[in-house]
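Positions are given from 1 along the sequence. Atoms within each ligand, like the ligands themselves, are counted from 1 in listed order.
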Amino acid sequence: MGNIREKVTMAQSVKGMRDLFGAEMRWFGLIEDTARRSFSRHGYGEIRTPILEEIEVFKRSVGDSSDIVKKEMYDFTDKGGRHVVMRPENTAGVVRAMIQHKLLTTPDPQKVFYIGPMFRYERMQTGRFRQFFQIGVESFGAGTPESEVESLVMLFDFLKALGLTQLELSINSVGTPACRPAFHDAIRTFFQGRQEHFCADCHRRIAENPLRVLDCKIPTCQEALEGHPLLVDFLDEDSRAHHARLKELLKDVGIPFVENPRLVRGLDYYTRTAFEVLSSDLGAQSALLGGGRYDGLVKQLGGPDTPAFGWAIGLDRLAMLLSQIRGEAPGEQAITLIPLGEAATRRAFGLAREAWSEGLALNLETRGGALKKALTTANRQGARWALLLGDGELEQGVITARDLASGSQETWPLADVIARIKALA
Ligand code: HAM
């Protein structure tokens, strides 16, 4: 009887949903802190909306024919019979909140940012998860190219503060709903001449939303698009002037960009400016961020006619890129304080609290046990220094500081410990 061992299966996270910890979590923390500081400087206030929204919020904004609404939503009926969705993106939710709380009727322009998880039932690849995080910004009430450049300057200053300076901005104008029918006709005519070269999805897109054919990721479709009609040739006068002014302003502020006439984005709400930033370090098809103007969305969701512009950056991808480019994660606990014995422990608490109240980073070893084990742990945690405090040290009023990389030791007077740690920081 006593020999029967029950097999316990280990619980696993849901496919596509990750636990974040250690170095990656420290990158997340650094990015989020930098975002909060940068965006509030530009007058953007933080907003936090629920993860669950009514399904209509997305159907009416992201678009019925989009991949997100068609096949990627985590939707279900809750116990009260409501059809809800775990948000696949947050522009629609923010717009819903701005309307619901009448935030758009107070002085313009309204600028907000958000940080949080999004959910898409996508096929897994590098940098593509089913729960992922976005940092996004939305500004309402300004329909000008100037407002777009203000937001883009903020974006590139934020990326620069994180140490990313080599990223390229790709822009296009997708015009307004008024200029689309003529373009749709032109692209359908073009398509008819070469339909056998396009994939099944493109055949569906040409019927439902022809604009999306332009951004099919399949190489043979991209080849078949050679010589396709250009959206810019179908823009109305105002959209054309808007786009020209945007380019002029971007040159003025020194943000390099390339024009990509096939950039249309996977969400239906965009009008005029659409843009993306891709990084070759993230692998094919992986945009680091994307956004654009969406002048019709507020009205579409029942609010006052309000122009708007925004973007969202994939936090998981940004953290991945930073660890590739910058290497070591920030904020390693560089110092571990190891007390040995009862009296030393009491003294160590005093020292540690003094360090913490001075804003210094210090890891206090509290598990007791042998010195060797404590040193191994400190090493494994990436500590640079171990501060050893035993009875001998206490008697002499010193601490032993061991450099964990070289193994060499120094003796510091106890009275100087805080100043020494400060000098190391
Ligand atoms: P989006 O292009 O769908 O735009 O997503 C923005 C960013 O979120 C992407 O560039 C990517 O970095 C990240 N992302 C998207 N899907 C995944 C995934 N499955 N795994 C990891 N990262 C992902 C929007 O969501 C719009 N709401 C942006 C916007 C704001 N437009 C106007 N305002």
- Note on the structure: atom 13 (C) of ligand 1 has as its nearest protein heavy atom Gly314 CA, 3.6 Å
- Taking only non-hydrogen atoms of Arg128 and a 4.0 Å limit, the atoms of ligand 1 in range are 19 (N), 20 (N)
- Item | For atom 3 (O) of ligand 1, closest protein heavy-atom neighbour | Arg120 NH2, 2.9 Å
- Top protein contact for atom 20 (N) of ligand 1, by heavy-atom distance: Phe129 N, 3.0 Å
- Task: Please determine, by modelled atom types, if Glu54 and His83 share a side-chain donor-acceptor pair under 3.5 angstrom.
- Result: no
- Nearest heavy-atom pair of His228 and Pro261: which atoms, and what distance? CE1-O, 4.4 Å
- Note on the structure: For Thr91, the atoms of ligand 1 under 4.0 Å from one of its heavy atoms are 26 (C), 27 (N), 29 (C), 30 (C), 31 (N), 32 (C), 33 (N)
- Item | OH on Tyr270 to OH on Tyr294, rounded to 0.5 Å | 8.5 Å
- Query: Are a donor atom and an acceptor atom from the side chains of Arg293 and Ser147 found within less than 3.5 Å of each other?
  - Reply: yes
- With heavy atoms and a 4.0 Å threshold, my read on which part of Leu288 contacts ligand 1 is backbone
- Considering only heavy atoms of Tyr269, which atoms of ligand 1 have at least one such atom less than 4.0 Å away? 26 (C), 27 (N), 31 (N)
- Task: Flag the pair Tyr121 / Tyr74 as yes when their ring centroid distance falls below 6.0 Å, and as no otherwise.
- Result: yes
Check residues 249-260 and write down every donor-acceptor pair under 3.5 Å in which the side-chain atom is one partner and the other belongs to a residue at least two apart or another chain.
from	atom 1	to	atom 2	distance (Å)
Glu259	OE1	Lys247	NZ	3.3
Glu259	OE2	Lys247	NZ	3.1
Asn260	OD1	Arg262	N	2.9

- Query: Can you tell me how far CD of Glu248 sits from NE2 of His243, rounded to the nearest 0.5 angstrom?
  - Reply: 12.5 Å
- Query: With no hydrogens and no angle check, is any side-chain donor or acceptor of Asp78 less than 3.5 Å from a backbone partner on Gly81?
  - Reply: yes
- Message: Over 60° means perpendicular and under 30° means parallel, so tell me whether Trp385 and Trp412 are parallel, tilted or perpendicular.
- Response: tilted
- Message: Below 4.0 Å, non-hydrogen atoms only: which portion of Leu289 touches ligand 1? Side chain, backbone, both or neither.
- Response: backbone
- Query: When you measure from the centre of the six-membered ring of Phe190, is the NZ or CZ of Arg194 under 6.0 Å away and within 45° of the axis?
  - Reply: yes
- Query: Between Glu276 and ligand 1, which part of the residue brings a heavy atom under 4.0 Å of the ligand: side chain, backbone, both or neither?
  - Reply: neither
- Nearest protein heavy atom with distance in Å, relative to atom 9 (C) of ligand 1: Ala287 O, 3.9 Å
- Query: With distance as the sole criterion, is a donor-acceptor pair present between the side chains of Gln300 and Arg60 under 3.5 Å?
  - Reply: no
- Leu289 and Phe275: which non-hydrogen atoms are nearest, and at how many Å? CD1-CE1, 3.6 Å
- Task: Heavy-atom contacts with Glu122 under 4.0 Å: which atoms of ligand 1 show up? List them by number with element.
- Result: 16 (N), 17 (C), 18 (C), 19 (N)
- Task: For atom 5 (O) of ligand 1, state which one of Glu89, Gln134, Met320 supplies the nearest heavy atom.
- Result: Gln134
- Note on the structure: Checking heavy-atom distances from atom 32 (C) of ligand 1 to each of Gly266, Gly127, Gly310, the winner is Gly310
- Task: Starting from atom 23 (C) of ligand 1, find the nearest protein heavy-atom neighbour and note its residue, name and distance.
- Result: Phe132 CD1, 3.3 Å
- Nearest option to atom 1 (P) of ligand 1, as decided by whichever heavy atom of Arg265, Met118, Arg293 sits closest: Arg265
- Query: If you measure from atom 28 (C) of ligand 1 to every heavy atom of Ala92, Gly292, Gly290, which option wins on shortest distance?
  - Reply: Gly290
- Atom indices of ligand 1 within 4.0 angstrom of Gly291 heavy atoms, with elements: 31 (N)
- Item | Where ligand 1 meets Leu267 - atom numbers and elements under 4.0 angstrom, heavy-atom basis | 3 (O), 4 (O), 24 (C)
- Should you measure from each heavy atom of Glu138, which atoms of ligand 1 turn up under 4.0 Å away? 30 (C), 32 (C), 33 (N)
- Query: Side chain or backbone of Trp311 under 4.0 Å from ligand 1, or both, or neither, by non-hydrogen atoms?
  - Reply: backbone
- Query: Can any side-chain N or O of Thr271 pair as donor or acceptor with the backbone N or O of Asp295 at less than 3.5 Å?
  - Reply: yes
- Under 4.0 Å from a heavy atom of Tyr270: give me the atoms of ligand 1 that qualify, with their elements. 26 (C), 28 (C), 29 (C), 31 (N), 32 (C)
